[in-house]
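What follows is a short report on a single structure.
All values below were derived from every heavy atom in this structure, side-chain atoms included, with hydrogens, water molecules and symmetry-related copies excluded. Numbering of residues begins at 1 and proceeds along the displayed sequence.
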Amino acid sequence: MGSPEHGTPQPPPEADLIRLARQARGLSPEEAADRTPVRIKGFRWRQIEKGWKGKPGASDPAKAPDKTLAHMAHTVGVSSARLAEHRPEAAEILREIEIQSVERSDSLPDPLSSLTPERQRIILDMIRELPPADRAPALRRLAERVEAGELDRAEDPSGPRERHGLEERPPHAM
């Protein structure tokens, strides 16, 4: 693929798309690989993003199989429509992943159904206080915090609470 006179090989467009989407989510290749349901390691993710493996000048192409690329794209939030511009076969697999994800979420019980209507209204009113463009990202961030166990730690009365990385302390007496 590359040779000393040609320099470092350039990644294919789909690899750039995956890299940019991963970076936009703030994930390292290792974190993204860990979140992907197909078996892939961080070093392989890096090779696919670069489009080559080996040393510059003595490298071989590193192209992900369609299934792997589809799962990588799903992990970092690339849509099937965007992937189709570069890898139509991988985009078909990604479309099926997207369909199955929607079907799975449709079959899940409503997590708010166990709350009283008044508590549901309180939650919705709090969300409405955010600008419309910030609502979905705020809910995703909140979900990440819940999945990371931050909600459980925040409710723990035995230790100091953290807010944005700072310990919460009582106000000083004046």
Side-chain angles (χ1 to χ4, degrees), residues 11-42 44-46 48-50 64 66-88 90-156 159-169:
E14 69 270 16
D16 277 335
L17 180 61
I18 296 292
R19 179 185 50 78
L20 288 171
R22 176 187 55 77
Q23 290 173 338
R25 292 207 172 214
L27 298 173
S28 70
E30 290 75 20
E31 291 169 324
D34 286 345
R35 293 180 182 195
T36 304
V38 296
R39 201 169 126 181
I40 184 169
K41 299 288 185 190
R44 178 67 178 148
W45 188 291
R46 288 178 193 278
I48 292 167
E49 282 186 1
K50 288 189 304 186
D66 292 331
K67 178 180 95 170
T68 302
L69 187 63
H71 281 283
M72 291 172 72
H74 188 256
T75 298
V76 297
V78 172
S79 70
S80 56
R82 289 182 71 198
L83 188 58
E85 297 170 21
H86 310 293
R87 294 276 297 273
E92 286 182 40
I93 296 169
L94 180 53
R95 265 192 285 295
E96 182 58 29
I97 293 169
E98 291 166 344
I99 290 167
Q100 289 181 15
S101 293
V102 168
E103 288 173 354
R104 229 182 350 262
S105 66
D106 286 348
S107 67
L108 295 174
D110 179 5
L112 299 177
S113 65
S114 63
L115 298 176
T116 65
E118 179 183 354
R119 288 188 182 256
Q120 289 183 37
R121 185 188 48 74
I122 290 168
I123 292 170
L124 293 173
D125 287 346
M126 292 174 73
I127 293 168
R128 282 189 194 109
E129 290 180 19
L130 296 170
D134 292 342
R135 292 174 185 166
L139 289 170
R140 282 192 290 274
R141 179 63 186 120
L142 182 60
E144 290 171 1
R145 287 179 166 180
V146 169
E147 288 173 356
E150 291 180 29
L151 181 64
D152 298 333
R153 287 193 298 271
E155 292 179 344
D156 183 5
R161 294 188 176 158
E162 290 188 18
R163 181 175 296 170
H164 303 293
L166 302 173
E167 285 188 6
E168 189 176 294
R169 301 178 199 276

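A donor-acceptor contact shorter than 3.5 Å links the side chain of Gln120 to the backbone of Leu115. Side-chain atoms of Arg22 never come within 3.5 Å of backbone atoms of Val76 as a donor-acceptor pair (strictly under, hydrogens ignored).
Residue-environment remark: CZ (Arg141) exceeds the threshold of 12 foreign heavy atoms within 6.0 Å. More than 12 non-hydrogen atoms from other residues, nucleotides or ligands lie less than 6.0 angstrom from CZ of Arg135.
Contact record, Ala32 with Thr36: O-OG1, 2.8 Å, taken as the closest heavy-atom pair. Nearest heavy-atom pair, Ala70 versus Ile93, reported as atom, atom and distance to 0.1 Å: CB-CG2, 3.6 Å. For Pro29 against Trp45, the heavy-atom pair with the smallest separation is CB-CD1, 3.8 Å. Leu69 approaches Ala90 most closely through the heavy-atom pair CD2-CB, 4.0 Å. The minimum heavy-atom distance between Pro11 and Ala15, with the atom names listed, is CB-CB, 4.0 Å.
Using a 4.5 Å heavy-atom threshold, the side chains of Pro37 and His74 count as separate.
Atom CD of Glu31 sits about 12.5 Å away from atom CZ of Arg25, to the nearest 0.5 Å. We find the NZ-CZ distance between Lys50 and Arg19 to be 12.5 Å, quoted to the nearest 0.5 Å. The CZ atom of Arg87 sits 14.5 Å away from the OG atom of Ser80 when rounded to the nearest 0.5 Å. Atom CZ of Arg119 sits about 10.5 Å away from atom OG of Ser114, to the nearest 0.5 Å. Of the inter-residue distances, the one linking Glu96 atom CD with Ile99 atom CD1 reads 5.0 Å to the nearest 0.5 angstrom. One finds the CD1 atom of Ile48 at 6.5 Å from the OG1 atom of Thr68 (value rounded to the nearest 0.5 Å).
Partners of Arg121 under the salt bridge (Lys or Arg N to Asp or Glu O under 4.0 Å) rule, at least two apart in sequence or in another chain, are Asp125.
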